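To keep things clear, I will list the structure first and then write my remarks on it.
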Amino acid sequence: GAGAESTIIQPPPTGAAATLVTAEGVAHATLARLTLSGGAIWDGFLAEGRAKGVKLTRTILRGLKTGVRQSGEAEVEIVNNTIIRNTDGIFIDGSTPVNVRNTILAYNSGTGLTHDGAATRISNTYNDFWSNGANMQPGNEISLGSLFVDPRFSSLPDNNLRLAANSSLIDKGAPSD
């Protein structure tokens, strides 16, 4: 895609709810630089069936039931994304490892980041949680570089999710990214 704000994937106007993008059993795939946007009954991205080496990066997930869902021992690196105005931001179940960094989780009416506690590994670093129904479940697992500040988007009502010049998130990501 030309950029997350230019390439938008939305559900069809009719039909049963499902997931916009599914990575099932794939290896070493990347989904990047687009927007997944839909109604409140659609999920944005689902990784399942032992998907390995999958990367979700520089993507906007907005207006969905769940922005990112991960299950079935899928291994996904969720990095440099904006996950906003969904019911739930990220939901990870089972023994699936959690690997989320440099991601904004804001204005999700449910929970920003949820895992069921059985994760084999948890890496939740340099993420910003703002104005979610709850930031993290279980509990508030505050990790390295976690922030809880208004991201200050250029124009939230217009879906211009670039950071404004006065955003306190500028230069606050993981030093290695």
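All figures in this text were calculated on a predicted structure; none of them were measured in a lab. Along the sequence shown, residues carry numbers from 1.
Summarising the geometry, atom CD1 belonging to Ile84 is positioned 7.5 Å from atom CG belonging to Asn159; distances are rounded to the nearest 0.5 Å. In this structure, His115 NE2 and Thr96 OG1 are separated by 11.5 Å, a value rounded to the nearest 0.5 Å. A distance of 8.0 Å separates CD1 in Ile60 from CD1 in Ile8, rounded to the nearest 0.5 Å. Remark: Leu161 CG to Leu156 CG distance equals 6.5 Å, nearest 0.5 Å. For the atom pair OG (Ser6) and CZ (Arg33), the distance works out to 11.0 Å, reported to the nearest 0.5 Å. A distance of 9.5 Å separates OG in Ser146 from CG in Asn135, rounded to the nearest 0.5 Å.
For Asp171, the CG atom counts as loosely surrounded, since its 6.0 Å shell holds 12 or fewer non-hydrogen atoms of other residues, nucleotides or ligands.
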* For Leu56 and Val68, what are the C-alpha separation, side-chain angles and deciding distance, and is it a side-chain contact (heavy atoms from CB on, under 4.5 Å)? -> CA-CA 9 Å; Leu56 177 66; Val68 177; 3.5 Å; yes

* Please assess Asp128 against Leu105 for the test side-chain contact (heavy atoms from CB on, under 4.5 Å), listing each intermediate value before the final yes or no. => CA-CA 6 Å; Asp128 180 46; Leu105 296 115; over 6 Å; no

* **Ile78 and Thr103: CA distance, side-chain angles, deciding distance, side-chain contact (heavy atoms from CB on, under 4.5 Å) verdict** => CA-CA 8 Å; Ile78 302 168; Thr103 292; 4.3 Å; yes

* To do: Under the side-chain contact (heavy atoms from CB on, under 4.5 Å) rule, what do Asn124 and Met136 come out as? Steps first, then yes or no, please.
  => CA-CA 10 Å; Asn124 164 27; Met136 292 173 259; 3.3 Å; yes

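Ring geometry for Phe148 against Phe129 counts as parallel: the plane angle stays under 30°, on a 0 to 90° scale with 60° as the upper cut.
Side-chain atoms of Val21 and Leu36, non-hydrogen and from C-beta on, do get closer than 4.5 Å to each other. Between Ile104 and Leu163 the shortest side-chain heavy-atom distance falls below 4.5 Å. Counting only heavy atoms from C-beta outward, the side chains of Thr7 and Thr35 never approach each other to under 4.5 Å.
Annotation: salt bridge (charged side-chain N to carboxylate O under 4.0 Å, His left out) contacts of Glu48 (sequence neighbours excluded): none. Evaluation of the side-chain hydrogen bond (donor to acceptor under 3.5 Å, both in side chains) rule for Asp158 yields Ser155 as partners, not counting sequence neighbours.
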With a 3.5 Å cut-off and sequence neighbours excluded, list the donor-acceptor pairs that the side chains of residues 37-46 form with protein atoms.
| from | atom 1 | to | atom 2 | distance (Å) |
| --- | --- | --- | --- | --- |
| Ser37 | OG | Arg62 | NH1 | 3.2 |
| Asp43 | OD1 | Thr66 | N | 3.2 |
| Asp43 | OD1 | Thr66 | OG1 | 3.4 |

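Residues Leu61 and Tyr107 do not share a hydrophobic cluster, defined by chaining ILVMFWY side chains whose heavy atoms lie under 4.5 Å apart. Note on Leu169: it does not cluster hydrophobically with Tyr126, by side-chain heavy-atom contacts below 4.5 Å among ILVMFWY residues. By the criterion of side-chain heavy atoms lying less than 4.5 angstrom apart, applied directly or through intervening Ile, Leu, Val, Met, Phe, Trp or Tyr residues, Leu147 is not grouped with Val100; the two fall into different hydrophobic clusters. Hydrophobic cluster membership is shared by Leu20 and Ile90, with clusters built from Ile, Leu, Val, Met, Phe, Trp and Tyr side chains linked at under 4.5 angstrom. Val76 and Val79 are assigned to two separate hydrophobic clusters, defined by single-linkage of ILVMFWY side chains at heavy-atom distances under 4.5 Å.
Between Thr59 and Asn81 the shortest heavy-atom distance is N-OD1, 2.9 Å. For Gln70 against Pro97, the heavy-atom pair with the smallest separation is NE2-O, 3.1 Å. Closest non-hydrogen pair, Ile83 versus Asn108, comes out as O-ND2, 3.2 Å.
Side-chain atoms of Asn127 come within 3.5 Å of backbone atoms of Asn102 as a donor-acceptor pair (strictly under, hydrogens ignored).
Screening Asp88, Ile92, Asp93, Leu64 for a side-chain contact (heavy atoms from CB on, under 4.5 Å) with Arg69, the sole residue that qualifies is Asp93.
The pair Glu77-Arg101 meets the salt-bridge criterion, with a side-chain N (NZ, NE, NH1 or NH2) lying under 4.0 Å from an Asp/Glu carboxylate O.
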